[in-house]
Number of protein chains: 2
Amino acid sequence: MSLELTPVQTVACCSPLTRVPLSEKEADGVAPLLKALADPVRLRLMSLVASHEGGEACVCDLNDAFDLSQPTISHHLKVLHEVGLLDREKRGVWVYYKARTEALQNLAALIGGQAK
Amino acid sequence: MSLELTPVQTVACCSPLTRVPLSEKEADGVAPLLKALADPVRLRLMSLVASHEGGEACVCDLNDAFDLSQPTISHHLKVLHEVGLLDREKRGVWVYYKARTEALQNLAALIGGQAK
DNA sequence: CATAAACATTGATGAGTGTAAATATTTACC
DNA sequence: GGTAAATATTTACACTCATCAATGTTTATG
């Protein structure tokens with residue numbers, strides 16, 4: 001196991017933004033998560049997956065929702081997966097991505113939280 | 001008054017990510033807000049201001065908290081101000097930035113919210 | 001095994017971004 | 001009014017990033 005924390009692990013560790021100043025290390029850990037979400041296409045991808053039944057969706061369904069090339073969608077999914085916002089599972093020829101809602105909730109608590 | 005909605009106005013309008021797929025227009029409106037937060041320096045700036053007494057802080061205090069040039073900090077504050085996350089008020093020679101906590105809370109509700 | 005389908009990877013490119021140096025602007029005070 | 005302090009703006013640059021075309025990989029099926 002690695003000593004490096006993924007962004008989703010990092011975000012679960014800090015008090016809300018408004019309570020105490022975020023340390024440099026914490027900020028460095030959380031920023032990648034926000035960066036991953038800070039793109040219109042990835043925001044919609046995340047929302048499509050999360051709001052889909054079971055909180056998961058097949059890539060085949062996602063490609064059709066955008067006027068973008070397949071590699072581009074694949075790239076965005078990879079970004080969301082790498083920061084830990086999406087889980088990835090292959091079933092036969094299809095790949096399913098699943099939303100990590102705890103990660104979203106931890107991030108939300110960091111941004112808008114009232115207390116630790 | 002403008003017909004254009006600022007990012008902070010936009011973010012107050014949508015159901016949570018996990019409830020219903022975000023529309024293209026909604027995503028385009030919200031992404032700039034996340035983009036503004038998706039930088040370690042701006043995250044810390046936002047946190048420094050928001051956690052300061054009264055939810056506001058003088059630029060003079062903020063500059064010293066970073067190992068960055070004054071124009072760079074000024075630039076980041078401008079970014080946060082332009083998306084509506086920070087209010088700006090000049091008092092004499094000093095400029096005070098104030099956190100818009102409702103904006104943060106709306107954003108948090110969008111990301112981690114359970115229902116509309 | 002050959003072929004097709006689903007998805008990922010590579011490589012290239014144009015647009016955007018964080019940073020600092022230099023300069024400008026505003027305010028206070030002598 | 002002249003000077004100094006606080007903050008913003010401009011300009012330039014290195015770097016990142018979103019996108020696509022082309023190609024690769026994996027799985028199923030005939």
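Lettering follows sequence order; numbering is per chain, from 1. What you see below is based on every heavy atom in this structure, not just the backbone, and it leaves out hydrogens, waters and symmetry mates.
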- Task: Kindly write out the residues that satisfy side-chain contact (heavy atoms from CB on, under 4.5 Å) with B:E102, not counting sequence neighbours, or none if the list is empty.
- Result: B:R100
- Applying side-chain contact (heavy atoms from CB on, under 4.5 Å), name anything that partners A:S23, two or more places apart in sequence or on another chain.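 Applying side-chain contact (heavy atoms from CB on, under 4.5 Å) to A:S23 gives A:K25, A:E26.
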- Side chains of B:P21 and A:L48: does their closest heavy-atom pair fall under 4.5 Å? yes
- Message: Are the side chains of B:Y97 and B:L80 in contact, using a 4.5 Å heavy-atom criterion?
- Response: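 Not in contact.
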- Item | Of residues 45-56 of chain B, the positions that come close to DNA chain D - non-hydrogen atoms, cut-off under 4.0 Å |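 Result for residues 45-56 of chain B: none.
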For the pair made of [atom1] in [X] and [atom2] in [N], what is the distance, rounded to whole Å?
X	N	atom1	atom2	answer
A:K90	C:dC7	NZ	C1'	7 Å
B:F66	C:dG18	CZ	P	14 Å
B:D64	D:dA6	CG	P	10 Å
A:E89	D:dT26	CD	C1'	16 Å
B:R44	C:dG18	CZ	P	16 Å
B:L68	C:dG18	CG	C1'	9 Å

- Task: Could you tell me which residues satisfy salt bridge (charged side-chain N to carboxylate O under 4.0 Å, His left out) with A:E53, sequence neighbours excluded, listed by chain and number?
- Result: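 With neighbours one apart ignored, the set is empty.
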Sequence neighbours left out, cut at 3.5 Å: what donor-acceptor pairs do the side chains of residues 29-40 of chain A make with other protein atoms?
from  : atom 1 : to    : atom 2 : distance (Å)
A:D39 : OD1    : A:V41 : N      : 2.9
A:D39 : OD1    : A:R42 : N      : 3.2

- What does nucleotides 7-17 of chain D look like as a protein-contact string, B for base, S for sugar-phosphate only, - for none, at under 4.0 angstrom between heavy atoms? BBB-------S
- Are A:V20 and B:L43 connected in the hydrophobic side-chain network, where two residues link if heavy atoms are under 4.5 Å apart?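 In one cluster with A:V20: B:L43, no.
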- If a pair satisfies disulfide (SG to SG under 2.5 Å) and one of its residues is in residues 16-48 of chain B, list it, with sequence neighbours excluded. none
- Task: Return each pair, listed once, that meets disulfide (SG to SG under 2.5 Å) where at least one residue sits in residues 28-59 of chain B; pairs must be two or more places apart or across chains.
- Result: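 Pairs touching residues 28-59 of chain B that pass the test: B:C58-B:C60.
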- Note on the structure: The side-chain hydrogen bond (donor to acceptor under 3.5 Å, both in side chains) partners of B:S69 (sequence neighbours excluded) come to B:T72
- Task: Would you sketch DNA chain C in dot-bracket for me? Only Watson-Crick or G-U wobble pairs with both distances under 3.5 Å count, crossing pairs as [ ], other-strand pairs as |, the rest as dots.
- Result: ||||||||||||||||||||||||||||||
- Note on the structure: Residues pairing under salt bridge (Lys or Arg N to Asp or Glu O under 4.0 Å) where one sits in residues 54-81 of chain A, two or more places apart or in two chains, turn out to be A:E56-A:R91
